[in-house]
Amino acid sequence: MPELPEVETVLRTLEPRLPGRRVIEARFYSSLVMRGDAAETSKRIRGRLIRGIARRGKFLLLDLGEDTTLAIHLGMTGRLIWQGTPGPHTRALFVFDRGRLVYDDPRQFGRIEVSAALPARIARLGPDALSIPEAEFAARLRGRRGLIKPLLLNQAFISGMGNIYTDETLFRARIHPRALASRLSPERVRRLHQAMREILEAAVASGGSSIADYVDGDGRAGSFQFQHQVYGRAGEPCPACGGPIRRIVIAQRGTHYCPKCQRA
DNA sequence: ATCGGTACCTGCACGC
DNA sequence: TGCGTGCAGGTACCGA
């Protein structure tokens, strides 16, 4: 579930709380979610001071000093709850000198990893979808093969976009999700970049989209789902032309678009 | 080097 | 009520 706006919202709720706290204890309850040895990791971060927290794409990065970074990816159903209560889906628990952080994740697609340098998977991420300048976006798009939707979802191309915001962005830009990336006119590339930025900014302003699981670091739901124009609205009328919104599958992902408004 | 397909895991909605 | 099916915001890995 969590895409850039959701992770950014979690970041903003945790940013005032975590830095300056000291790790008293870290417990890991799932070897699926935890990358590496739980006992070893726990020992490694115990006693450390949280120096800062940042977002890279859909990853949250906790700076624990001395070349130690705790990276958290929320997967599809991950939640980080400040002062949360452990429950049946709790996969990790961080106890600080004051306060605690609970990581819940029913499907266990999320990942928690401690490393010295930045892990390769994070170093490989493309520029942030929220802040990439138009010229750089256009330059990276140049010469790319394949369909535009899978490319926007490719975290090495740009980081942060997921299924919801890709569909919403393409609708706003009036571009068909199967359009060939290499064939987009400069005008369409400009529109696509602008739409992406507007959608992501609006979603962040609404605290993200809460469809089933997502809540921020204080357990509060977002409200951008009420502004979705096409995502999850197959069969409903297009807000622009009134025709039915269609759902197809592209790269194994449910894809929602308006066949009238979005042309290849 | 890139793709498309599959796998990972749990919960829920839906139809019968 | 219960069961089978399909679907879900994500990424990683496989072989072509």
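All values reported here derive from a predicted model rather than from experimental measurement. Numbered from 1 within each chain, the chains take letters A, B, ... in sequence-line order.
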Write down the distance between [atom1] ([X]) and [atom2] ([N]), rounded to a whole number of angstrom.
| X | N | atom1 | atom2 | result |
| --- | --- | --- | --- | --- |
| A/L60 | C/dG10 | CG | P | 15 Å |
| A/R56 | C/dT11 | CZ | P | 14 Å |
| A/M161 | C/dT11 | CE | P | 12 Å |
| A/R247 | C/dG6 | CZ | C1' | 9 Å |
| A/L153 | B/dT2 | CG | P | 17 Å |
| A/Q155 | C/dC13 | CD | P | 16 Å |
| A/L74 | C/dA8 | CG | P | 20 Å |
| A/R253 | C/dA8 | CZ | P | 8 Å |

Cluster link A/L200 to A/V189, ILVMFWY, side chain under 4.5 Å: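 Shared cluster, yes.
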Which residues in residues 221-228 of chain A have at least one heavy atom lying under 4.0 Å from any atom of DNA chain C?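 None, since no heavy atom is under 4.0 Å.
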Consecutive-pair stems (3 or more, Watson-Crick or G-U, under 3.5 Å) for DNA chain B: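 When the pairs of DNA chain B are grouped into runs of at least three, the stems are B:2-8 with C:10-16, B:10-16 with C:2-8.
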Walk along nucleotides 3-12 of chain B from 5' to 3' and tag each nucleotide B, S or - by protein heavy-atom contact under 4.0 Å, base first, then sugar-phosphate. S-BB-BBBS-
More than 12 heavy atoms from other groups under 6.0 Å of CD on A/E66: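 No, CD of A/E66 has 12 or fewer neighbouring heavy atoms, counting only those of other groups under 6.0 Å.
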Could you check A/Q108, A/H89, A/R91 and say which one makes a side-chain hydrogen bond (donor to acceptor under 3.5 Å, both in side chains) with A/S30?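 Exactly one pass, corresponding to A/Q108.
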Criterion side-chain hydrogen bond (donor to acceptor under 3.5 Å, both in side chains) against A/S209, the qualifying member of A/Q225, A/H228, A/Q227: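 Single pass found, and it is A/H228.
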Return the orientation label for the A/H73 and A/F59 ring planes: parallel under 30°, perpendicular over 60°, tilted otherwise.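 A/H73 and A/F59: perpendicular rings.
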Parallel, tilted or perpendicular for A/Y165 and A/F224, by the 30°/60° rule?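 Geometry flag for A/F224 against A/Y165: tilted rings.
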Over all strands shown, is A/S210 touching base, sugar-phosphate only, or nothing at heavy-atom distances under 4.0 angstrom?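 Base contact.
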What is the distance from atom CE of A/M161 to atom OG1 of A/T166, rounded to the nearest 0.5 Å?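 If we round to the nearest 0.5 Å, A/M161:CE and A/T166:OG1 are 4.0 Å apart.
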Looking at A/F96, I'd like to know if the NZ or CZ of A/R100 sits under 6.0 Å from its six-membered ring centre while staying within 45 degrees of the ring's axis.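 No; the conditions do not both hold, so A/R100 does not lie above the ring face of A/F96.
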Those residues that, when tested against A/E201, pass salt bridge (charged side-chain N to carboxylate O under 4.0 Å, His left out) (two or more places apart):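 Residues passing salt bridge (charged side-chain N to carboxylate O under 4.0 Å, His left out) with A/E201: A/R197.
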A/D104: side chain to side chain contact (heavy atoms under 4.5 Å, CB included) partners, not counting sequence neighbours: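 Per chain and number, A/D104 pairs via side chain to side chain contact (heavy atoms under 4.5 Å, CB included) with A/R79, A/T90, A/V102.
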Please give the distance between the P atoms of C/dC3 and B/dC9 as a whole number of Å.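 About 23 Å, rounded to a whole number of Å.
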Can you pull out every salt bridge (Lys or Arg N to Asp or Glu O under 4.0 Å) where at least one residue sits in residues 33-47 of chain A? Sequence neighbours excluded, please.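 Counting only pairs at least two positions apart or across chains, the salt bridge (Lys or Arg N to Asp or Glu O under 4.0 Å) contacts touching residues 33-47 of chain A are A/R35-A/E113.
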